[in-house]
Amino acid sequence: MRNDNLKSYLNLHFIVFIWGFTAILGALITIDAENLVWFRMFLAGIFLAGFIVYKKQSFIISMQSFAKLIFVGLLIALHWIFFFKAIHVSNVSITLSIFSLGAFFASLLEPLFYGRKILWYEVFFGLIIIGGLALIMQVEVKYLNGMYYALASIILGVLFTLMNGKLISDHEPSVITFYEFGAGVFFISIYFLVQGKFNADFFSMSLNNWLLLLLLASVCTAYAFTASVKVMQKLTPYTVMLTTNLEPVYGIILAYFILGGKEKMSTEFYIGAIIIVITVILNGVFKHYQNKTKV
């Protein structure tokens, strides 16, 4: 059992590393953000469909759940469009530093979804996080548009994560995600049809872009998702939450060494990013020990 937990913990770090690498791929793929998301969701949906068939899971869901998944799929599509847009107009480091606010936003929005009151230390840590974010925004003014896109993306990300938390108890996670990706492709396709973007040029890309898209859709999306669900069955939510907070750290380090130049930020940026990440982790630690005292 102990070896199984260690293996799961190492696997979780590998998955979080892959999630951090997603931002690098977003910077390397040279197509518009909305095109990138369409291909990502379409290809990942195909991989997930194959996984569902292989596992002999049922595609059947209720109409009520289907309607909810359609809406969540729209949120996911917008979340990813804003995410990759943020990377394109700023860089990976800026985008992921803002993304580290995700756990904090979740703690503020959870009371609305699950009917609990906001805790005092969440407000305290929130003020510290705002200070770290203000430091980044003050010294990296040229990337302000990217920060706005990243903020919009992470808020949408928290919303669909909280909604999925309620849906996942009734259906297989892979089936839920398959329908959400399908909905995302549907909504983006409507937009493309209105804009007249579906033409030969849309599918005409360099071999490098096609290979990176396949890597993004298969390893960084379909595989990372299914593997993370399996790992979460072995580890405590507390361990999972603290480890996933390392995603921005992995991503920023990878960006520094892989992308170089554009990713080398000011000292104040790294101080602000460290303040945010450490505060988010401390928020998780406080939450964990408070829950233990209630038991």
Side chains of Asn209 and Thr30: is there a donor and an acceptor less than 3.5 Å apart? yes

Do other residues, nucleotides or ligands put more than 12 heavy atoms under 6.0 Å from Phe42 CZ? no

Any side-chain heavy-atom pair of Leu36 and Asp32 under 4.5 Å: no

Judged by atom type as modelled, is there a donor-acceptor pair below 3.5 Å linking the side chain of Tyr179 to the main-chain atoms of Phe59? yes

Distance (rounded to the nearest 0.5 Å) between Leu211 CG and Leu28 CG: 12.5 Å

Apply side-chain contact (heavy atoms from CB on, under 4.5 Å) to Tyr250 and Ile18, showing your working. CA-CA 9 Å; Tyr250 286 144; Ile18 290 175; over 6 Å; no

Tell me whether Val53 is reachable from Tyr223 by hopping between hydrophobic residues (I, L, V, M, F, W, Y) whose side-chain heavy atoms are closer than 4.5 Å. yes

What class does the angle between the rings of Trp80 and Phe181 fall in, given that below 30° is parallel, 30 to 60° is tilted and above 60° is perpendicular? tilted

What is the minimum heavy-atom distance between Ala86 and Gly146, and which atoms define it? CB-O, 3.4 Å

Would you say Phe203 has more than 12 foreign heavy atoms packed within less than 6.0 Å of its CZ? yes

What's the shortest heavy-atom distance between Thr22 and Cys220, and which atoms? OG1-CB, 3.5 Å

Within 6.0 Å of OH in Tyr256, more than 12 heavy atoms from elsewhere: no

Same hydrophobic cluster for Leu207 and Leu213, using side-chain heavy-atom links shorter than 4.5 Å among ILVMFWY? no

Test item: Ser153 side-chain N/O and His79 main-chain N/O as donor-acceptor pair under 3.5 Å: yes

Report the C-alpha separation of Ser65 and Ser62 in whole Å, then their side-chain angles, then the decisive distance to 0.1 Å, and conclude whether the side-chain hydrogen bond (donor to acceptor under 3.5 Å, both in side chains) test is met. CA-CA 5 Å; Ser65 295; Ser62 67; 3.0 Å; yes

Quick one: does Thr279's side chain have a donor or acceptor within less than 3.5 Å of a partner on Ile128's backbone? no

Main-chain N/O of Ile94 paired to Asn91 side chain as donor or acceptor, under 3.5 Å: yes

Contact check, side chains of Phe21 and Leu215, non-hydrogen atoms, under 4.5 Å: yes

Measuring from Met163:CE to Leu75:CG, what's the distance to the nearest 0.5 Å? 6.0 Å

Separation of Met147 CE from Ser97 OG (nearest 0.5 Å): 6.5 Å

Is the number of heavy atoms from other residues, nucleotides or ligands under 6.0 Å of Tyr270 OH greater than 12? yes

Within a strict 4.5 Å, meaning less than it, do heavy atoms of the Trp38 and Phe198 side chains meet? yes

Assess whether side-chain contact (heavy atoms from CB on, under 4.5 Å) is satisfied between Met41 and Ile76, documenting all intermediate values. CA-CA 10 Å; Met41 299 186 90; Ile76 293 173; 3.8 Å; yes

Start with the C-alpha distance between Val175 and Ser58, add both sets of side-chain angles, then the distance that settles side-chain contact (heavy atoms from CB on, under 4.5 Å), and finish with yes or no. CA-CA 8 Å; Val175 175; Ser58 174; over 6 Å; no

Please check if the side chain of Ser218 supplies one atom and the backbone of Leu214 the other of a donor-acceptor pair under 3.5 Å. yes

Which atom names give the shortest non-hydrogen contact between Ala23 and Leu96, and what distance separates them? CB-CD1, 4.0 Å

Stepwise side-chain contact (heavy atoms from CB on, under 4.5 Å) check, Val92 with Thr95: CA-CA 5 Å; Val92 171; Thr95 303; 5.9 Å; no

At their closest point, which heavy atom of Gly20 faces which heavy atom of Leu254, and how far apart are they? C-CD1, 4.4 Å

With a 4.0 Å cut-off, would you call Glu34 and Lys197 a salt bridge? yes

Enter the distance from Ile70:CD1 to Leu74:CG here, rounded to the nearest 0.5 Å. 9.5 Å

Take the angle between the ring planes of Phe39 and Phe202 and call it parallel below 30°, perpendicular above 60°, tilted in between. parallel

Any chance you could measure Leu78, atom CG, to Phe160, atom CZ, to the nearest 0.5 Å? 11.0 Å

Heavy atoms of Ile81 and Ala33 approach each other most closely as O-CB, 3.6 Å

Is the count of non-hydrogen atoms from other residues, nucleotides or ligands lying under 6.0 Å from Phe17 atom CZ greater than 12? no

Is the centre of the Trp19 ring less than 6.0 Å from the centre of the Phe99 ring? no

Closest heavy-atom pair and its distance - Ala77, Ile188: CB-CD1, 4.0 Å

Honestly curious: do Val72 and Met63 fall in one hydrophobic cluster under the side-chain, below-4.5 Å linking rule? yes

Are there over 12 heavy-atom neighbours, none belonging to Gln195, within less than 6.0 Å of that residue's CD? yes

Out of curiosity, Phe178 CZ to Glu180 CD, how far, rounded to the nearest 0.5 Å? 12.0 Å

Are the side chains of Ser174 and Lys55 in contact, using a 4.5 Å heavy-atom criterion? no

Heavy-atom neighbours of Ile60 CD1 exceed 12 at 6.0 Å: no

So for atom CZ, which belongs to Phe14, do other residues, nucleotides or ligands contribute more than 12 heavy atoms lying within a distance under 6.0 Å? no

Are Phe84 and Tyr149 near enough that their ring centres are under 6.0 Å apart? no

Common cluster, Phe51/Ile61, ILVMFWY with side-chain heavy-atom separation under 4.5 Å: no

Applying a strict under-4.5 Å side-chain criterion to I, L, V, M, F, W and Y, I'd like to know whether Phe257 and Leu259 cluster together. yes

